[in-house]
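Position 1 is the first residue of the sequence, and the numbers go up from there. If you're wondering where the values come from, they're calculated on a predicted model, not measured in any experiment.
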Amino acid sequence: MIAKSDMPINEKTAEGLKPEGVPYRVLVVDDSMFIAKQLGQIFTSEGFEVAATAADGAQGLEKYKEMHPTIDLVTMDITMPVMDGVTALEKILEFDKNASIIMVSALGKEDVVKKCLLMGAKSYIVKPLDRKKVLERVVSVLKR
C-alpha cells in the first residue's frame, strides 16, 4: 500500500504526451512572432514538442513535407505574407489528406474559418489566445 504522503497531490498526465509517453510534435505556422511564441509556451508547458515554426504558409508547407510523417499537429494562422493559411491548408492536405491542422484566426474571420473547416481543417483557435481553449481544441483533435 502507498502511504498518502507518497502520492503526488495533483498529478495529472501532461496533455502533450501520447499514450506511450512520447510528446506530440507540433508545427506552428504564424507570421506573428508573439503568437508563435505564445503557442510554443502553451504547448511546451503541457509536454508537447514544438518540432518547428514557420513565418508563412510557404515555409509551413515546406517544413511539413520535410518532417512528414513525424508531425502530429499543425497550427496555421490564416492571414500571412507569401502564402496565406487557407492556401497552405489546401496544399498540405493535397500532400497528406490525414494532416491534423487547426486554424488560428482573429475575431471576425468566421466565414474564412468555415471555409477552412469544410476544406479539411480539424478545428480552429481564436486570437487573442486563451490557454485553456487552445489546449481543449488541440487535445480534442489529437484524441479523435
Side-chain angles (χ1 to χ4, degrees), residues 5-144:
S5 61
D6 295 340
M7 295 285 291
I9 295 171
N10 25 342
E11 182 166 321
K12 67 178 190 69
T13 315
E15 300 283 16
L17 297 179
K18 295 180 185 182
E20 59 272 20
V22 296
Y24 286 106
R25 293 178 45 121
V26 183
L27 168 61
V28 176
V29 185
D30 204 303
D31 62 322
S32 161
M33 269 177 55
F34 174 74
I35 296 290
K37 188 173 182 174
Q38 203 178 5
L39 281 167
Q41 287 170 336
I42 291 169
F43 290 137
T44 53
S45 74
E46 279 296 325
F48 290 88
E49 177 189 337
V50 178
T53 57
D56 62 60
Q59 277 182 19
L61 174 62
E62 285 314 303
K63 288 193 178 179
Y64 188 84
K65 285 180 172 180
E66 279 169 29
M67 302 175 93
H68 177 76
T70 65
I71 296 294
D72 298 300
L73 182 81
V74 179
T75 62
M76 179 74 68
D77 187 22
I78 290 178
T79 311
M80 294 180 288
V82 186
M83 181 189 289
D84 65 64
V86 179
T87 307
L89 166 72
E90 186 177 23
K91 297 215 178 283
I92 289 174
L93 288 172
E94 278 171 17
F95 174 76
D96 174 13
K97 67 180 179 13
N98 298 316
S100 291
I101 303 172
I102 297 179
M103 304 309 288
V104 180
S105 144
L107 285 170
K109 298 255 184 209
E110 289 83 0
D111 52 334
V112 181
V113 169
K114 264 189 202 140
K115 178 182 175 186
C116 291
L117 292 170
L118 289 170
M119 288 169 63
K122 302 287 190 251
S123 190
Y124 66 95
I125 298 165
V126 178
K127 296 180 211 173
L129 299 175
D130 173 302
R131 182 180 195 283
K132 193 171 168 230
K133 285 192 178 121
V134 168
L135 290 169
E136 278 171 9
R137 297 273 162 94
V138 167
V139 169
S140 78
V141 166
L142 290 169
K143 308 277 181 192
R144 275 186 195 161

Side-chain heavy atoms of Ile101 within contact of Met103, under 4.5 Å: yes
All side-chain hydrogen bond (donor to acceptor under 3.5 Å, both in side chains) counterparts of Lys18, not counting sequence neighbours: Asp72
From Glu94 atom CD to Leu61 atom CG, the distance as rounded to the nearest 0.5 Å: 9.0 Å
Pairwise distance CD1(Ile92) to OG(Ser100) - rounded to 0.5 angstrom: 11.0 Å
Over all atoms of both residues, closest heavy-atom pair of Leu17 and Gly47: CD2-O, 3.8 Å
Contact list for residues 125-144, test ring-ring contact (aromatic ring centres under 6.0 Å, His included), sequence neighbours left out: none
Value rounded to 0.5 Å, distance of CD1 in Ile78 from CG in Leu89: 9.0 Å
CD on Gln38 to CG on Leu129, rounded to 0.5 Å: 4.5 Å
Side-chain touch Phe48/Glu15, heavy atoms, less than 4.5 angstrom: yes
Within residues 14-40 or reaching into it, pairs that qualify as ring-ring contact (aromatic ring centres under 6.0 Å, His included) - sequence neighbours excluded: none
Result of checking Ile125, Val29, Asp31 against Asp77 for side chain to side chain contact (heavy atoms under 4.5 Å, CB included): Asp31
Pairs where residues 95-124 contributes a residue and the test salt bridge (Lys or Arg N to Asp or Glu O under 4.0 Å) is met, not counting sequence neighbours: none
Exercise: identify the closest heavy-atom pair between Gly57 and Met80: N-CE, 3.5 Å
Flag side-chain contact, heavy atom, 4.5 Å: Val104 against Lys127: yes
Any donor-acceptor N or O pair under 3.5 Å, side chains Ser45, Arg131: yes
Val112/Val86 under side chain to side chain contact (heavy atoms under 4.5 Å, CB included): CA gap, chis, key distance, verdict: CA-CA 8 Å; Val112 181; Val86 179; 3.6 Å; yes
Validation row: Leu39, Val134 side chains within 4.5 angstrom (heavy atoms): yes
Taking every non-hydrogen atom, the tightest pair across Ala58 and Val82: CB-CG1, 3.9 Å
Atom pair CG/OG1 of Asp30 and Thr53 - distance to nearest 0.5 Å: 10.0 Å
Any side-chain heavy-atom pair of Ile102 and Met76 under 4.5 Å: no
Nearest heavy atoms of Ser123 and Val141, plus distance in Å: CB-CG2, 3.7 Å
Pair listing, salt bridge (Lys or Arg N to Asp or Glu O under 4.0 Å) test, anchored in residues 50-64, at least two apart: none
Residue pair Thr44 / Gln41: nearest heavy atoms and the distance that separates them: OG1-O, 3.4 Å
Qualifying ring-ring contact (aromatic ring centres under 6.0 Å, His included) pairs with a residue from residues 78-137, counting only residues at least two apart or across chains: His68-Phe95
Expected output: side-chain Thr87 to main-chain Met83 donor-acceptor under 3.5 Å: no
Leu73 side, atom CG; Phe43 side, atom CZ - distance, nearest 0.5 Å: 6.0 Å
Shortest non-hydrogen contact from Ala55 toward Pro81: O-CD, 4.4 Å
